[in-house]
There are 2 protein chains.
Amino acid sequence: MARKTGSHSDITGPRVRSAARSLIARHGFAAVTMRQIAREVGVQAGALYLYTPDKQTLLFDLMKSHMDELLEAVSSVDLSGPPERALEAFARFHIAFHLDRAEAVFVAYMELRNLTEDNFAVIEDQRKTYENLLERILQRGRASGVFAVHDTKLATMALIAMLTGLTTWYREGGRLDRGDIQDMYWDMVRKAVGADAALSA
Amino acid sequence: MARKTGSHSDITGPRVRSAARSLIARHGFAAVTMRQIAREVGVQAGALYLYTPDKQTLLFDLMKSHMDELLEAVSSVDLSGPPERALEAFARFHIAFHLDRAEAVFVAYMELRNLTEDNFAVIEDQRKTYENLLERILQRGRASGVFAVHDTKLATMALIAMLTGLTTWYREGGRLDRGDIQDMYWDMVRKAVGADAALSA
DNA sequence: CTAGGAATTGAACGTACGTTCACCTAACTT
DNA sequence: AAGTTAGGTGAACGTACGTTCAATTCCTAG
């Protein structure tokens, strides 16, 4: 036996990435074997190497394309308005984006230490770029007096951690709907940085 | 060659746990080998099995004793006062405790998925117990009107994520000292839940 | 000073890993 | 209808894993 009916690179490639993402999110990169990924895709382990040169690159590509998507998506969010508005836009974007991609986010945050030095540097740089968007909003808000933040770097890390944390407990079809979650998180973010109340759309 | 001068179970045991904790925090449980741990301790791999029945139990014991310590330590924090006071006590305790044990915390939060089902249930239960302490404070505060929190469960997760996140960026001897960090995080926590300002000791 | 147990070695066991490769076959081109 | 090739198999490679255990050495008690 060899090639099965209806097999196509266009189909298998994405399926490999999807299976890898899912398994890595559940069990961790080091704990997942190429044979497990292959089984999930319905293919032999050797076939995976038509789609990635090696396991490390598979992880890196997963994380890289996630960060690319994140930066691409956030680039169309308007963060140029008044700081309170920009912060709300950022927070709501962050939550919505992360709710849609819980597995990818989980991988991107948990598997940093399994990247080679070079690969780590690339992802870390992208992450910094993203976090800087938030920090600049906080800086503007502090400068104009609407935010009461002692240290914008620490506040940035605190807010990112809080917002990203939702991927650890959020499950599709749970008690809370996405809109509620966005509203409640935004409420906490807004108050945490001391933005004055009530500035809806 | 066999036993080296000055070797003692009382010394090697803790060193095994410490080396394991350190390596697992840096590289992840699945990526760390028994031989690496042994090398760090200065011992052969076989000797580790005098101190743990197997690798999985080593991880579990690390996490279990960390959670035991956490619950033991928090039990002597007075959380019975007014909600704002209790929240401050909890936040400051959480930060101080976690700053002292960055590696253990990192392991306890990142390696949950590498526990067997039974072991996971134990740790998860302890974690829930701890989080419930915070949630009860939030509930009391909301009931008495000093906290403005829409959903205490979500707020609990958000605050824990924010506070625990500091272990991902805090490094000994960095720009900020521990007191500053406590003050700034407490400030954000207090405002996030809508506790009225200025209620220092 | 000597026996006996505690601590540790070093080699070995079976298993499973990531990766390679010669071969095969279904589908597209002409 | 034949030829080409992308897509895939399945077996094999060397390595490294977790774990076991007989043998060895150091320490302690009497």
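Letters A, B, ... are given to chains in the order of the sequence lines, protein chains preceding strands, and every chain is numbered from 1. Reckoned from all heavy atoms, side chains included, excluding hydrogens, waters and symmetry mates. Every value quoted in this text rests on a predicted model; they were computed, and no experiment measured them.
Of the listed nucleotides (dT8(C), dT20(D), dT9(D)), dT9(D) has the atom at the smallest distance from the side chain of A47(A). Here the side chain of Y51(B) is nearest to one of dG18(C), dT9(C), dA7(C), namely dA7(C). Nearest to the side chain of R35(A), among dT9(C), dT19(C), dT19(D), sits dT19(C). Picking from dG10(D), dG18(D), dG10(C) the nucleotide with the shortest atom distance to the side chain of Q44(A) gives dG10(D). Among the nucleotides dT19(C), dT19(D), dG8(D), the one closest to the side chain of L50(A) is dG8(D).
We find that CD of Q56(A) is positioned 16 Å from C1' of dC17(C), with the value rounded to whole Å. When rounded to the nearest whole Å, the span between CG of N114(B) and C1' of dG18(D) equals 15 Å. Summarising the geometry, the separation between CE on M34(B) and P on dT19(D) is reported as 6 Å, rounded to the nearest angstrom. When the P atom of dG10(C) is taken as reference, atom CZ of R39(B) falls 14 Å away, rounded to whole Å. Taking atom CZ of F29(A) as the reference point, atom C1' of dG18(C) lies 10 Å away to the nearest angstrom. In this entry the distance linking NZ of K55(B) with C1' of dA16(D) reads 12 Å, nearest Å. Remark: C1' of dC17(C) and CG of D54(A) are 14 Å apart, rounded to the nearest angstrom. When rounded to the nearest whole Å, the span between NE2 of H27(B) and P of dC17(D) equals 13 Å.
Both L48(B) and Q36(A) lie near DNA chain C, and the one whose nearest nucleotide falls closer to the 5' end is L48(B).
Judged purely by atom type and a 3.5 angstrom limit, R127(A) has no side-chain atom pairing as donor or acceptor with the backbone of M67(A). Between the side chain of S18(A) and the main chain of R15(A), no donor-acceptor pair closer than 3.5 Å is present.
Nearest heavy atom pair, residue A20(B) against residue L58(B), reads CB-CD2, 3.9 Å.
Phosphate contact (OP1/OP2 of dA7(C), side-chain N/O of T12(B), threshold under 4.0 Å): absent.
The line from CG of L134(B) to CD of E131(B) is 8.0 Å long, rounded to the nearest 0.5 Å.
Relative orientation of the H66(A) and F97(A) rings is tilted, given thresholds of 30° and 60° on the angle between their planes.
Using a 4.0 Å heavy-atom cutoff across all strands shown, V41(A) reaches no nucleic acid atom at all.
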